[in-house]
Protein chains: 2
Amino acid sequence: MSRDLDISVCIIEDDETIREGYAYLIGQTPGYKIAGSYPSFEDAAKKIAQDDPDVILLDVELPGISGIDAIPKLKKLVPDAFILILTVYEQELLIFRALGNGASGYLTKNTSPEKIISAIHEVMEGGGPMSAHIARMVIHSFQRNEASPLTRRETEILEQIATGKSRKRIAQELFIDLETVKSHIKNIYHKLNVHSKADAIKTAKDNKFI
Amino acid sequence: MSRDLDISVCIIEDDETIREGYAYLIGQTPGYKIAGSYPSFEDAAKKIAQDDPDVILLDVELPGISGIDAIPKLKKLVPDAFILILTVYEQELLIFRALGNGASGYLTKNTSPEKIISAIHEVMEGGGPMSAHIARMVIHSFQRNEASPLTRRETEILEQIATGKSRKRIAQELFIDLETVKSHIKNIYHKLNVHSKADAIKTAKDNKFI
DNA sequence: ATTAAAATAACCTTGTTTGGGTGATACGTT
DNA sequence: AACGTATCACCCAAACAAGGTTATTTTAAT
């Protein structure tokens, strides 16, 4: 069976036991092969371009440069590789930074061997594999706070303000008078207990009112 | 075996064949039961609160009020139910509106019966089940355009502007002079070919520069 | 080591925007 | 009848935005 058609995988993970466990898992699975395996980004940087992997399994807690910060650099070295984060960390900030930096999937380390293999396959097929809890957090990030004190119109106007539009322009686009927009804004400020555009936007975003 | 511990499911789907197919699938699977089954939101609205389902399978293309718009209303009727979208549509706008309105998962209709069952289970366990392609789109929505014409500092400043902060405040928070902020903004406007804050923010967001 | 790109800053002008106070009208729903 | 919501009016002073031009200092890439 030709190994050229196999999906080639690189691993960047500092824990030797885990790294070799993954390498063994992937190496013995038909259709998959290991192109390289490194304990840090610095080590990977030298050779990974030649490895030319299809998928990179990346840990977030690495010695030296962190996995999160390594993502854009890996993208430059191997632009067509998919990066799959594999980590114990489930902090929202980390997840969103990883995805924002260009990761195509995010798995936690309790993921079963079969699921890791299927995630590698899935990412090659245009999917975005995530552990269940991660997926929920990602979905949750799209959702609004139902208990907003703002009325529908106030919310609409605050959203417009958050796009940088002036009150005058908002008035024109909503076909209402500038004075009306000002009234709404005053009410918004009172309800949110703020005294400026920036603070209103911040409070509203923090509380998912917009 | 007690049916009280079963996961109870409601279905809102206008196509009778599909609806009854799902109902049969769920009804015959141990651990799951059908609490109700309706061809439209209007029909569901009358009885679904009494059904008190754990999970609602919801189609997006319904006669009368659309599935998307039904989500917030269903949330009011059955606040603790998880809503799973089950549809043929894969348009980004629809997906993000559904998730933003409170859906906890999004499956396409080619999903296998086994995966539908496991998605229902997953959503009860705190997951966010999505079809592979949907998950990729969701992840993609977090990612920036790598080909931005803006420098790091310009990007940073435009992000600050997008939070509604004044140039003066940005200068203070970045420990640079107001004149420097103004210089950066002029350069941003030139690069993006715009002449206002609002246009710069819109262009940058549309192109995922910020 | 050199060069190019990026970040920094100054000085100018004009018109617009913002935040705040106070009050009033109209329209639904409860 | 009372309430929340959306609408509009008139007042004020301070801050802000957009545009022009030029120039220096860092920092990163070759």
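Because the structure is predicted, anything quoted here is derived from the model rather than measured. We name chains A, B, ... by the order of the sequence lines, and we start the count at 1 in each one.
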[X] [atom1] - [N] [atom2] separation (whole Å):
X: A:H190; N: C:dG20; atom1: NE2; atom2: P; value: 7 Å
X: B:N187; N: C:dA7; atom1: CG; atom2: P; value: 10 Å
X: A:L192; N: C:dG20; atom1: CG; atom2: P; value: 12 Å
X: B:R169; N: C:dT17; atom1: CZ; atom2: C1'; value: 17 Å
X: A:L158; N: C:dT18; atom1: CG; atom2: P; value: 13 Å
X: B:H184; N: C:dA7; atom1: NE2; atom2: P; value: 6 Å
X: A:K182; N: C:dT22; atom1: NZ; atom2: C1'; value: 12 Å
X: B:R167; N: C:dA9; atom1: CZ; atom2: C1'; value: 15 Å

(message) Salt bridge or not between B:R97 and B:D69? Use side-chain N to carboxylate O under 4.0 Å.
(response) yes

(message) Taking B:K182 first and then B:D177, would you say they form a salt bridge - that is, a charged N and a carboxylate O separated by under 4.0 Å?
(response)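 Not counted as a salt bridge, because no side-chain N and carboxylate O are separated by less than 4.0 Å.
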
(message) Please determine whether a side-chain nitrogen or oxygen atom of A:Y189 lies at a distance below 4.0 Å from atom OP1 or OP2 of C:dG20.
(response) no

(request) For B:H195 and for A:R153, locate the closest nucleotide of DNA chain D by heavy-atom distance; then report the residue assigned to the nucleotide nearer the 5' terminus. (result)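 Counting from the 5' end, the first nearest nucleotide belongs to A:R153.
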
Pick base, sugar-phosphate or nothing for [X], based on heavy-atom distances below 4.0 Å to the nucleic acid.
X: A:T180; value: base
X: A:S183; value: base
X: B:S166; value: sugar-phosphate
X: B:K168; value: sugar-phosphate

(request) Would you mind telling me which of B:L58, B:I56, B:V55 makes a side-chain contact (heavy atoms from CB on, under 4.5 Å) with B:L84? (result)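 It is B:V55; the other options fail the test.
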
(message) My understanding is that only one of A:L158, A:I188, A:V181, A:I176 makes a side-chain contact (heavy atoms from CB on, under 4.5 Å) with A:R153; could you say which?
(response) A:I176

(message) With heavy atoms of chain B within less than 4.0 Å as the criterion, where does contact along DNA chain D begin and end?
(response) D:dC16 to D:dT21

(request) Determine whether A:H133 and A:T108 make a side-chain contact, defined as any pair of heavy atoms from C-beta on separated by less than 4.5 Å. (result)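 The answer is no, as the side chains (C-beta and beyond) never meet within the 4.5 Å cut-off.
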
(request) Examine the side chains of B:S40 and B:D43 and answer whether a donor and an acceptor come within less than 3.5 Å of each other. (result) yes

(message) Can you see whether B:Y38 engages B:D51 through a side-chain donor-acceptor pair at a distance of less than 3.5 angstrom?
(response)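 Note: B:Y38 and B:D51 side chains meet the donor-acceptor criterion.
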
(request) Select from B:L178 and B:K197 the residue whose nearest nucleotide in DNA chain C is closer to the 5' end of that strand. (result) B:L178

(message) Suppose we call a contact any N or O donor and acceptor under 3.5 Å apart; does that hold for the side chain of A:K186 and the base of C:dG21?
(response)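 Donor-acceptor pair under 3.5 Å: yes.
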
